[in-house]
S.K.: 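The structure's right below; bear with me while I get my questions together.
Keep in mind that the numbers below use all heavy atoms, side chains included, and drop hydrogens, waters and symmetry copies. For this chain, numbers begin at 1 and follow the sequence in order.
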Amino acid sequence: MNGIDRLLQELDTGSRKVIFYLLERRHAKLDELTELLDESSHMNTLIRIKNIINPKALKILKRPVLIFEKSRVDKKTGENVLLNWWLPEESDGEVPLKGKELLVDVFDEENEIVLIMDLPGIREEDIKVKVKKKSVNIIFRDSKRKEHHQEIILPGESFAHKFNTQFKNQILTIRISK
């Protein structure tokens, strides 16, 4: 039994409906998924993805199974599809994490700079953070033990020695005093 089959066995009926819907259609807008699930709001659908579907996928597949893309070309139709949910591109019967740039948000707050980085499939013990006055270096190992480096230029100078990190639900948050 491959990973996606194991995942489907672990999911509730509504979550399985989402996976089957995307397997058939390749992508879907949030409105479509909310209607499919007969949810009362978009927030309920997003909570299901964040708290049920992707955490189970991380446990079983070591990567999220639903990915939101601002813009992506549907390889079957050639159409540029905006603001849709997708399954990662398939290969070998599995649903792998597609090789793409990592999502990073940088917020220049009054007293601190906040970086939020999505690290799907990465374990907390495999992350190292090095803060400099004008940049942050994040070094992490993936599930195949391959090391990756990400340098983020800060919007202003910071106190490199005054920072803290939090890693929860595959999201790394770094707060740096300025």
S.K.: Identify the heavy atoms of Ile139 and His149 that sit nearest to each other, and give their distance.
M.R.: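 Looking at all heavy atoms of both residues, the shortest contact is CG1-ND1, 3.4 Å.
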
S.K.: Could you tell me whether Glu151 atom CD has more than 12 heavy atoms of other residues or ligands within 6.0 Å of it?
M.R.: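 Count over threshold, so yes.
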
S.K.: Looking at CE of Met43 and CZ of Arg48, how far apart are the two atoms once the value is rounded to the nearest 0.5 Å?
M.R.: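 CZ of Arg48 is found 15.0 Å from CE of Met43.
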
S.K.: Would you compute the distance between atom OH of Tyr21 and atom NE2 of His27 and round it to the nearest 0.5 angstrom?
M.R.: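 Reported to 0.5 Å precision, the distance equals 9.5 Å.
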
S.K.: Looking at Arg26, I'd like to know if its CZ atom is crowded, meaning that more than 12 non-hydrogen atoms belonging to other residues, nucleotides or ligands lie closer than 6.0 Å.
M.R.: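 More than 12 heavy atoms, drawn from other residues, nucleotides or ligands, come within 6.0 Å of this atom.
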
S.K.: Does Pro55 have any side-chain contact (heavy atoms from CB on, under 4.5 Å) partners at least two apart in sequence or in another chain, and if so, which?
M.R.: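 None.
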
S.K.: Examine distances only and state if a side-chain atom of Asp108 and a backbone atom of Ile113 form a donor-acceptor pair shorter than 3.5 Å.
M.R.: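 No; zero donor-acceptor contacts below 3.5 Å.
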
S.K.: If I take atom OG1 from residue Thr45 and atom CD from residue Glu35, how far apart are they, to the nearest 0.5 angstrom?
M.R.: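 If we round to the nearest 0.5 Å, Thr45:OG1 and Glu35:CD are 10.5 Å apart.
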
S.K.: side-chain contact (heavy atoms from CB on, under 4.5 Å) between Ile122 and Asp142: does it pass, once the steps are laid out?
M.R.: CA-CA 6 Å; Ile122 306 300; Asp142 62 22; 4.1 Å; yes

S.K.: Could you state the interatomic distance from OG1 (Thr34) to CG (Leu37), rounded to the nearest 0.5 Å?
M.R.: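 One finds 7.0 Å between OG1 of Thr34 and CG of Leu37.
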
S.K.: What are the two closest non-hydrogen atoms of Pro64 and Pro88, and how far apart are they?
M.R.: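 Closest approach of Pro64 to Pro88, heavy atoms only: O-CG, 3.9 Å.
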
S.K.: Do Ile174 and Ile138 make a side-chain contact, defined as non-hydrogen atoms from C-beta onward lying under 4.5 Å apart?
M.R.: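 Side-chain contact under 4.5 Å: yes.
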
S.K.: Is it the case that one hydrophobic cluster holds both Leu30 and Leu82, taking links as side-chain heavy atoms less than 4.5 Å apart, direct or via other members?
M.R.: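 Leu30 and Leu82: one cluster.
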
S.K.: Do Asp126 and Arg145 have side chains that get closer than 4.5 Å, going by heavy atoms?
M.R.: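 Yes, close enough: below the 4.5 Å cut-off.
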
S.K.: I need the single residue from Val136, Val129, Leu115 that forms a side-chain contact (heavy atoms from CB on, under 4.5 Å) with Phe163. Which is it?
M.R.: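 Running side-chain contact (heavy atoms from CB on, under 4.5 Å) over Val136, Val129, Leu115 with Phe163 returns exactly one hit, Val129.
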
S.K.: To the closest 0.5 Å, what do you measure between CG (Leu66) and CD1 (Ile53)?
M.R.: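 One gets 5.0 Å once the value is rounded to the nearest 0.5 Å.
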
S.K.: Which atom pair, heavy atoms only, marks the closest approach of Leu22 to Trp85?
M.R.: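 Scanning both residues completely, I find the closest heavy atoms to be CD2-O, 3.6 Å.
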
S.K.: Treating Ile, Leu, Val, Met, Phe, Trp and Tyr as nodes and any side-chain heavy-atom pair under 4.5 angstrom as an edge, say whether Leu11 and Leu46 lie in one connected cluster.
M.R.: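 Yes.
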
S.K.: Determine whether Phe20 and Leu36 fall in the same hydrophobic cluster, where Ile, Leu, Val, Met, Phe, Trp and Tyr are linked whenever their side-chain heavy atoms lie under 4.5 Å apart.
M.R.: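 Yes, same cluster.
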
S.K.: Quick one: pull up CG in Asn84 and CZ in Arg72 and give me the separation to the nearest 0.5 Å.
M.R.: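 So the gap between those two atoms works out to 10.0 Å.
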
S.K.: Does Thr173 reach the side chain of Val114, with side-chain heavy atoms less than 4.5 Å apart?
M.R.: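 Yes. Closest side-chain heavy atoms under 4.5 Å.
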
S.K.: Would you kindly confirm whether Val73 and Phe68 end up in one hydrophobic cluster when ILVMFWY residues are joined by side chain heavy atoms under 4.5 Å apart?
M.R.: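 Unlinked, Val73 and Phe68 end up in two clusters.
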
S.K.: Ignoring hydrogens, what is the shortest heavy-atom contact between Pro155 and Val106? Give both atom names and the distance.
M.R.: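 Shortest heavy-atom separation between Pro155 and Val106 comes out as CD-CG1, 3.7 Å.
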
S.K.: Identify the heavy atoms of Val131 and Ala160 that sit nearest to each other, and give their distance.
M.R.: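 Looks like O-CB, 3.3 Å.
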
S.K.: Under 3.5 Å, is there a donor-acceptor pair linking the side chains of Asn80 and Ser71?
M.R.: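 Side-chain D/A pair, Asn80 to Ser71: present.
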
S.K.: Are Met117 and Gln150 close enough that some pair of their side-chain heavy atoms sits under 4.5 Å apart?
M.R.: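 The answer is yes, as the side chains (C-beta and beyond) meet within the 4.5 Å cut-off.
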
S.K.: Among the clusters formed by ILVMFWY side chains lying less than 4.5 Å apart, do Ile171 and Ile127 turn up in the same one?
M.R.: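 Hydrophobic grouping puts Ile171 apart from Ile127.
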
S.K.: Starting from Val81, walk the hydrophobic network (Ile, Leu, Val, Met, Phe, Trp, Tyr; side-chain heavy atoms closer than 4.5 Å) and list everyone else you reach, by chain and number.
M.R.: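 Result for Val81 is Trp86.
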
S.K.: For Lys178, does the NZ atom have more than 12 heavy-atom neighbours from other residues, nucleotides or ligands under 6.0 Å away?
M.R.: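 More than 12 within 6.0 Å, yes.
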
S.K.: Look at atom NZ of Lys29 and say whether more than 12 heavy atoms of other residues, nucleotides or ligands are closer to it than 6.0 Å.
M.R.: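 It does: Lys29 NZ has more than 12 such atoms within range.
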
S.K.: Does anything in residues 153-169 form a side-chain hydrogen bond (donor to acceptor under 3.5 Å, both in side chains)? List the pairs, not counting sequence neighbours.
M.R.: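 Sorted result for residues 153-169: empty, none.
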
S.K.: Ignoring hydrogens and geometry, is there a side-chain-to-backbone donor-acceptor pair from Asn44 to His42 under 3.5 Å?
M.R.: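 Here the side-chain-to-backbone pair does not exist.
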
S.K.: Using a 4.5 Å cut-off on heavy atoms from C-beta on, say whether the side chain of Asn111 contacts that of Ser177.
M.R.: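 Side chain of Ser177 against side chain of Asn111, heavy atoms only: no contact under 4.5 Å found.
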
S.K.: Is there a side-chain contact between Leu7 and Lys56 (heavy atoms, below 4.5 Å)?
M.R.: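 Sidechains of Lys56 and Leu7: in contact.
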
S.K.: For residues Ile60 and Val65, determine if any side-chain heavy atom of one lies less than 4.5 Å from a side-chain heavy atom of the other.
M.R.: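 No, too far: nothing below the 4.5 Å cut-off.
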
